[in-house]
Amino acid sequence: MKLPADKVNQLRTFYDERPVCVTGGAGFIGGHLCDALLSLGASIRVIDDLSNSTVEHLAGLIELEPDRVAFVHGSILDDDALAEAMRGCRTVFHLAALGSVPRSIEDPQRTWSVNATGTLRVMEAARGFGRGMQKRSTHVERVIAASSSSVYGNQPELPKVETQMPKPLSPYAASKIAGEHVLAVYAAAYGLSTVSMRFFNIFGPRQSADSAYAAVVPAFTKHYMDGEAPTIYGDGEQSRDFTFVSNAVLAMLLAGATQTRLTGQAVNVGAGSRTTVAQLASLIARECGATQLSPRFEPARTGDVKHSVADIGLAKQLLGYEPVASLEVGLAETVEWFKRSFAGR
Ligand code: NAD
């Protein structure tokens, strides 16, 4: 992933030799964030329970940079593991969560426990009060957490602006808005610098295509590559702000480094443009050379929102964020990665 040249110096000055904790760093977005942090000179400590990822990518980073990468194999619900992961860290990127709206509909308690209670545990550890920590042993100055566009629900106003009242439609979205409130409270009550990034449909290389809860881009790509028609839930006219992962990573890095006071704000992170799921399917079919395969249609799924696109004005204003990769460029890179990885199957 290439960072924009005009931002690299600013980011390197901040991250070089900085000890940083990444929760969920073995996952899709976390893995790309770790790559970028290492390229900027940071030392990273990752905590992940590998419940939705493998250690493969991280193991490669440890082999390359054994002195700058540490891995704690554990859960954010385990205070001792969290204390170990945050030891000496000044910045925490909190991405560990159970993603997927359908999974949360099936198992709301587990989603709540990891995403909402887990975020509280992360914040307790960040202020140095987790079990297994000596009081005030923390060095953490700022926590940047991954939230989700799903918090907006089905309100008709587009684009989604942070001033709109959230209306979660799924246990996943409820757990994410709870996490945002936790971050805001730790800024207000304990003076920690915090910010929640509302990610809009992030996609890119290494995103899991295998689970029943796979996101739409890897799911469609895998189908087309296997010579099968993908399934669209609903009429295909539902739209999303599909955002290449380099944009999400850049926004997180800027949020970690900015001199702007961050006091628990929720900030949209998207590309700022809207594509229907049917259009997405045909773009991916073209990249895969599978335009002869027409999607199958199934009824819409509970909890899915109809339309979503980000207003990215606040991210621009607070963080100096501008998307660096378009949907087309991101899809080409993603499909290319899937082709290489499928060739090795
Ligand atoms: P991912 O599943 O690839 O990454 C999450 C990581 O967290 C995984 O490696 C998983 O093993 C780990 N994890 C889960 N439970 C854990 C626990 N109890 N303790 C420690 N680690 C645990 O998902 P992702 O797409 O990389 O998402 C990263 C973050 O961004 C999540 O918080 C997600 O909710 C949020 N988000 C993602 C998207 C998207 O489109 N991918 C959109 C909105 C928000």
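Order of listing sets the numbers, starting from 1, for every ligand and every atom in it. All of these numbers come straight from a predicted model, not from anything done at the bench. One is the number of the first residue; the rest follow in order along the sequence.
Here's the thing with Ile202: one of its N/O atoms is less than 3.5 angstrom from an N/O atom of ligand 1. For the pair Ile76 and ligand 1, the shortest N or O to N or O distance falls below 3.5 Å. Between Gly99 and ligand 1, a contact under 3.5 Å exists for no N or O pair. For a threshold of 3.5 Å applied to N or O pairs, the pair formed by Leu95 and ligand 1 contains at least one separation below that value. Any N or O atom pair closer than 3.5 Å counts here, and Ser75 shares at least one such pair with ligand 1. At a 3.5 angstrom cut-off on N or O pairs, Ser148 does not count as close to ligand 1. Between Ser149 and ligand 1, a contact under 3.5 Å exists for no N or O pair. Looking at Leu77 next to ligand 1, no N or O pair under 3.5 Å apart turns up.
Judged purely by distance below 3.5 Å, without hydrogens or angles, the side chains of Arg286 and Thr291 never pair a donor atom with an acceptor atom. Side-chain contact of Thr276 with Glu237: a donor-acceptor pair under 3.5 Å is absent, judged by distance alone.
Those atoms of ligand 1 that come under 4.0 Å of a heavy atom in Asn201, given as number and element, are 40 (O). Listed by number with element, the atoms of ligand 1 under 4.0 Å from a non-hydrogen atom of Ala26 are 9 (O). Annotation for ligand 1: atoms under 4.0 Å from non-hydrogen atoms of Gly24 are 6 (C), 7 (O). For ligand 1 and Lys176, the ligand atoms under 4.0 Å from any heavy atom of the residue are 31 (C), 32 (O), 33 (C), 34 (O). Counting atoms of ligand 1 from 1 in the listed order, those under 4.0 Å from a heavy atom of Gly27 are 3 (O), 4 (O), 8 (C), 9 (O). Of all the atoms in ligand 1, the ones that sit under 4.0 Å from a non-hydrogen atom of Gly74 are 19 (N), 20 (C).
A salt bridge is defined here as a Lys NZ or Arg NE, NH1 or NH2 lying under 4.0 Å from an Asp or Glu carboxylate O, and Arg103 with Glu106 fails to meet this definition. Salt-bridge annotation for Arg206 and Asp35: present, with a side-chain N of the basic residue lying under 4.0 Å from a carboxylate O of the acidic one. Contact check on Lys222 versus Glu228 returns no salt bridge, with no Lys/Arg side-chain nitrogen under 4.0 Å from an Asp/Glu carboxylate oxygen. Between Lys160 and Glu157 there is no salt bridge, since no side-chain nitrogen of the basic residue lies less than 4.0 Å from a carboxylate oxygen of the acidic one. A salt bridge links Glu141 with Arg18: the closest approach of a Lys/Arg side-chain nitrogen to an acidic carboxylate oxygen falls below 4.0 angstrom.
The shortest contact between atom 5 (C) of ligand 1 and any protein heavy atom is with Ala97 O, 3.8 Å. The protein heavy atom nearest to atom 2 (O) of ligand 1 is Asn52 ND2, 2.7 Å. Of the protein's heavy atoms, Asp48 OD1, 2.7 Å lies nearest to atom 11 (O) of ligand 1. The protein heavy-atom contact nearest to atom 30 (O) of ligand 1 is Ala146 CB, 3.4 Å. Looking only at protein heavy atoms, the nearest one to atom 26 (O) of ligand 1 is Ile29 N, 2.8 Å.
Residue-level proximity to ligand 1 for Ser147 is carried by the backbone, the only part with a heavy atom below 4.0 angstrom.
In this structure a side-chain-to-backbone donor-acceptor pair under 3.5 Å is present from Gln155 to Tyr152. The backbone N or O of Leu98 sits less than 3.5 Å from a side-chain atom of Asn115, completing a donor-acceptor pair.
Leu61 and Val55 fall within the same hydrophobic cluster, where Ile, Leu, Val, Met, Phe, Trp and Tyr residues are linked whenever their side-chain heavy atoms come under 4.5 Å apart, directly or through other members.
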- Item | Verdict with reasoning, Glu124 to Arg121, per salt bridge (Lys or Arg N to Asp or Glu O under 4.0 Å) | CA-CA 5 Å; Glu124 275 295 88; Arg121 295 282 184 84; over 6 Å; no
- Message: Walk me through whether Arg240 and Arg274 qualify under side-chain contact (heavy atoms from CB on, under 4.5 Å).
- Response: CA-CA 5 Å; Arg240 297 285 184 277; Arg274 196 151 68 94; over 6 Å; no
- Message: Pair Ser193, Arg142 - check side chain to side chain donor-acceptor pair (under 3.5 Å), show working.
- Response: CA-CA 5 Å; Ser193 179; Arg142 180 171 292 168; 2.8 Å; yes
- Message: Under the criterion side-chain contact (heavy atoms from CB on, under 4.5 Å), I'd like the reasoning laid out for Leu331 against Phe242: C-alpha separation, chi angles, the key distance, then a yes or no.
- Response: CA-CA 10 Å; Leu331 282 181; Phe242 295 105; over 6 Å; no
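The closest approach between a heavy atom of Ala145 and any atom of ligand 1 is not below 4.0 Å. Taking a 4.0 Å cut-off on heavy atoms, Ala215 fails to register as neighbouring ligand 1. Distances shorter than 4.0 angstrom do not occur between any heavy atom of Gly118 and any atom of ligand 1.
Inside a 4.0 Å radius of atom 19 (N) of ligand 1 there is at least one protein heavy atom.
The option with the heavy atom closest to atom 13 (N) of ligand 1, from among Leu50, Val46, Asp49, is Asp49. Taking only non-hydrogen atoms, the option from Tyr172, Phe200, Phe28 nearest to atom 36 (N) of ligand 1 is Tyr172.
Nearest heavy atom pair, residue Tyr321 against residue Ala251, reads CD1-CB, 3.8 Å.
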